[in-house]
Colleague: 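Encoded as structure tokens, here's the structure I'll be asking about.
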Amino acid sequence: MQEDPVLKVEDLRTHFFTRSGVVKAVDGISFEVGRGETLGIVGESGSGKSMTAWSILGLVPQPAGKIVGGKIMYLGEDLLQKDESEMREIRGKGICMVMQDPLTSLNPVFTIGNQLIESLKMDNKDSKPTLIQKATQLLANVRIPAPESRLSVFPHQMSGGMRQRVVGAIAMARSPNVLIADEPTTSLDATIQLQYLQLLKEIQAETGAAILFITHDFGVVARMCDRVAVMYAGKIVEQASVLELFDNPQHPYTEALLKSVPDLNEDVDFLPSIEGQPPTLDDLPEGCSFAPRCPYAFDKCNVYPGESSVGEDHVASCWRLDGAN
Amino acid sequence: MATADTVLAQPSGTSSIWKKIQDLRLPWFPIAILSIIVFLAIFAPLVAPADPKKNDILQRLNPPFQTTENLLGTDGLGKDVLSRLIFGARTIMKVTLPSMVVAILVGTTVGLVAGYAGKWVDSLLMRITDAVMGFPSILVALLIVSLVGTGLVPVLIAVTATTWARFARMIRGEVLSNRDRDFVTLARISGVSPAMIIWRHLFPNVVNTLMVITSITVGQVILLVASLSFLGLGLKPGEPAWGVMVAEGRNYINGNGWWLSLFPGIIITVVVMAFNLLGDWLRDFLDPKLRRSR
Amino acid sequence: MVQTNGHADPEALIRLDGLKKHYPVLKGIVFQKTVGVVKAVDGVSFSIPEGQTYSLVGESGCGKTTTSRQILMVEPPTEGEIYYQGTAMNKFTSEQRKDFHSSVQAVFQDPWSSLNPRMRVDAIVSEPLITHQNLTKEEVKKQVGELLEVVGLHAFHADRYPHEFSGGQRQRIAIARALSTRPKLMVLDEPVSALDVSIRAQILNLLKELQQTYNLSYLLIAHNLATVRYMSHRVGVMYLGKIIEEANPQDLFGNPLHPYTKALISASLPAHPNLQREEIVLTGEVPSPLNPPDGCTFHPRCPVAFEPCNTDIPVMQEVTPGHIVNCHLFTGAEATSSAAAAS
């Protein structure tokens, strides 16, 4: 019997009300993540992947943005029913986020040590020396060499990879149950990225945190994730275990995306590409949002397809999967 | 050949002239104000009820709104306030505007060249700019007046000399932040000459700042002309100028002449605001992102 | 083993010979004193033949962008020569210099800052053209229209502004501009990294087609090794200002010799969850080019460093035809046994 998922999102809808109309940034998505599990959310610009993270944390930009429907069940309780002070308790402690640019995640005018201790102070009423010790330990946990000497260093004095690790340290300072990572390695060099991802995996093994990994990079997905949800124009178009997704993609978008990524180990003359560009959310077509770019589109596609189950723990939304065409 | 989807549909046919004007969303308030000022400047002798320089001691310090002869009252020597305001528009056109234009031209050119050329050219130009900014404008004016004499032209020179520097400094700053943008580097790579790079790439991107500084500076220049004239360094006493009127009225604020600083003060505020709004509109008008698609 | 110092092919379109770019580090406000040197590029030699793509790969600070800026004549080199069609670039007459600018163009990474937001697309695309040629307005308009069609846009896009286009389309506009003077060489600095994944293949395919149609040479700078493999005829791996290995893509990725190259390839994430590579995790950070280590600059992070590595600078060796590497594993007595182990 599987234990309950740490985070379970049901039919989440986050819409933006602008002068030019309603932008459905997140339009009815459902997924869950269990303890010690990593779920990848893959998508491009406009897919709604980052807005999903903000919605979970209750930080949707207002007044234009609003969560208009669905449930976010965290440890059995619906976050959307909580008020701001309750959410503040959860943010940073229960659910944490690391983002792409560590330079903007860290305050440039405070030392690393200062920022770590601020984070620790939220749960610990310890004396200063104890907090300093804990901060040093946190830095050591993220494999920063000579951690004691780094406490008095400013963010700009560190390299990008180190900064990202410090951000990770601050995030993990309060042992969150859920870590949301929004493209944390996009700006890092390849060798540094590898170090960071390995570190993340180790921390997850030690603390049992559930990780929601938002990325556009299938390599990261292959390396890090247990399960994957592919988003397009605000909806999840396919969801499966990572092996299923790579071996047996069912949605035309997933299939085309996987084929369009060049392979380091092969020589090809021509790279299959997807026509057109990702849609702008204020101008979505009727029906399936991928239809304008889909090589298999047919007349049924002007109505949005429901979710079809394709295999064990594998769902996708496409009319081709709905019995005979 | 891979085709990209078209982002926008084909351009539509021509619309009527009226619609085009509507689309421009002209800033009617500033245009109206500034048109009035220009009108008054040109037609002052026909519009003004009285001679702005004529003293009439018997009529001194008449409050406003009492008679049709002196609608806005009279000043300490009996001059009609309304007429002085109207003729003051001429001073604006004769002094403020030309000195602003020259200051902008000189300052912007210096800023663009210093910012783009860098190295010793930048250092040299900026040292000069700093030196000029360091001098209080009054001193500069004194210097010029001692060389050239008093009158309209020296005031013009003095005002220009002290104002161009702030334009130079700010424009140079803008150029520095734009100089390393990719499209500038790409222009250099394509072999575009420095003059063309400044004109095509840097100048349009500093225009915003230019608008803002101009708006801020107009009011300051008006007051600068006033202070210079007040010290006897510029316009002859009695010459109608709004700034001078404000300064002269300060003796009478607390009592028997409250209107003397008030009315010119109001008109200065309105004109500066008009320039501000015009600058705002111009900035938006020049911004391609905000233009309606054709 | 045969020693070489890069492929000094005098027939090549562009040839670099011992290129160095050092930046002095100055201290002091009024009187400045040189307290150090940043060796951004420290002795780079390679050549690019006509119609082919040469790629430079490496991590941040390795000097690949600086090298490309030298080739583009954005900055002058500190030492070394760059030859364009056999002529040394620092000996250009102003005629030749002008001609060079129309023959060598560039496309940069960020499609948002590559286009002047205040210029219309036709002005952007035609700028290099009107700088070098005297054409009538109609001729310019015609050429702009053709260029836009060639890159997959439409002629009527000419009177729009950059902000009306998506990232991929803006990159096409940048490519159209670079093509306008029918260049011989295009420097592509991370041309697709800032684009959505589904657009990257489109742009890469476009670049490949253009290369075939116009016999263009490319200097490609990219960190994504798979992209490099797809596009290149030859690849040079850079570390701290030097090329440490150079080969054609099949040899480089199939049989990497230098430990850094191996680490770089292993850091490239797998294409499939079951293809977990042996992960070579390098210790420490990339050292700063201000204070490079002695001997082989890679030795502090090298998993197989041995005696000469911390004192002697290795020399380029040709291990198999066309595959050169800069590593003590391949010099002298070690060479034969390592070469055997590598194959």
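We name chains A, B, ... by the order of the sequence lines, and we start the count at 1 in each one. Values below: all heavy atoms of this structure, side chains included; hydrogens, waters and symmetry mates excluded. All values derive from a computational prediction rather than experimental measurement.
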Colleague: Are side-chain N/O atoms of Arg293(A) and Ser198(C) paired as donor and acceptor at under 3.5 Å?
Modeller: yes
Colleague: Within this structure, what is the CD1-CG distance for the pair Ile203(C) and Leu271(A), rounded to the nearest 0.5 Å?
Modeller: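 Going from the CD1 atom of Ile203(C) to the CG atom of Leu271(A) covers 12.0 Å.
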Colleague: Within the distance-only criterion (no hydrogens, no angle test), does the side chain of Gln202(C) pair as donor or acceptor with the backbone N or O of Gly276(A) below 3.5 angstrom?
Modeller: yes
Colleague: Measure the CG-OH distance between Asp269(A) and Tyr230(C) for me, rounded to the nearest 0.5 Å.
Modeller: 8.0 Å
Colleague: Tell me, out of Leu197(A), Asp189(A), Leu194(A), who's got the most heavy-atom pairs with chain C below 4.5 Å.
Modeller: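 It is Asp189(A).
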Colleague: Side chain, backbone, both or neither: which part of Leu204(C) has a non-hydrogen atom closer than 4.5 Å to chain A?
Modeller: side chain
Colleague: Roughly how far apart are Asp196(C) CG and Ser45(A) OG, rounded to 0.5 Å?
Modeller: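 So the CG of Asp196(C) and the OG of Ser45(A) are separated by 3.0 Å.
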Colleague: Quick check: does any side chain N or O of Gln193(A) sit under 3.5 Å from a backbone N or O of Ala267(C), one acting as donor and the other as acceptor?
Modeller: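 No: the side chain of Gln193(A) does not pair with the backbone of Ala267(C).
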Colleague: How many angstroms lie between CG in Asn274(C) and CG in Leu243(A), if you round to the nearest 0.5 Å?
Modeller: 4.5 Å
Colleague: Answer yes or no: is there a side-chain heavy-atom contact under 4.5 Å between Pro272(A) and Asn205(C)?
Modeller: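 No - every pair of side-chain heavy atoms lies 4.5 Å or more apart.
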Colleague: Is it the backbone or the side chain of Glu266(A) that comes under 4.5 Å from a heavy atom of chain C, or both, or neither?
Modeller: backbone
Colleague: Among Asp263(A), Asn265(A), Asp267(A), whose side chain to side chain donor-acceptor pair (under 3.5 Å) with Arg229(C) holds?
Modeller: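 Result: among Asp263(A), Asn265(A), Asp267(A), Asp267(A) is the only option passing the side chain to side chain donor-acceptor pair (under 3.5 Å) with Arg229(C).
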Colleague: Could you measure the distance from the CD atom of Glu44(A) to the CZ atom of Arg200(C)? Nearest 0.5 Å is fine.
Modeller: 9.0 Å
Colleague: Please flag which part of His272(C) lies under 4.5 Å from any non-hydrogen atom of chain A: side chain, backbone, both or neither.
Modeller: both
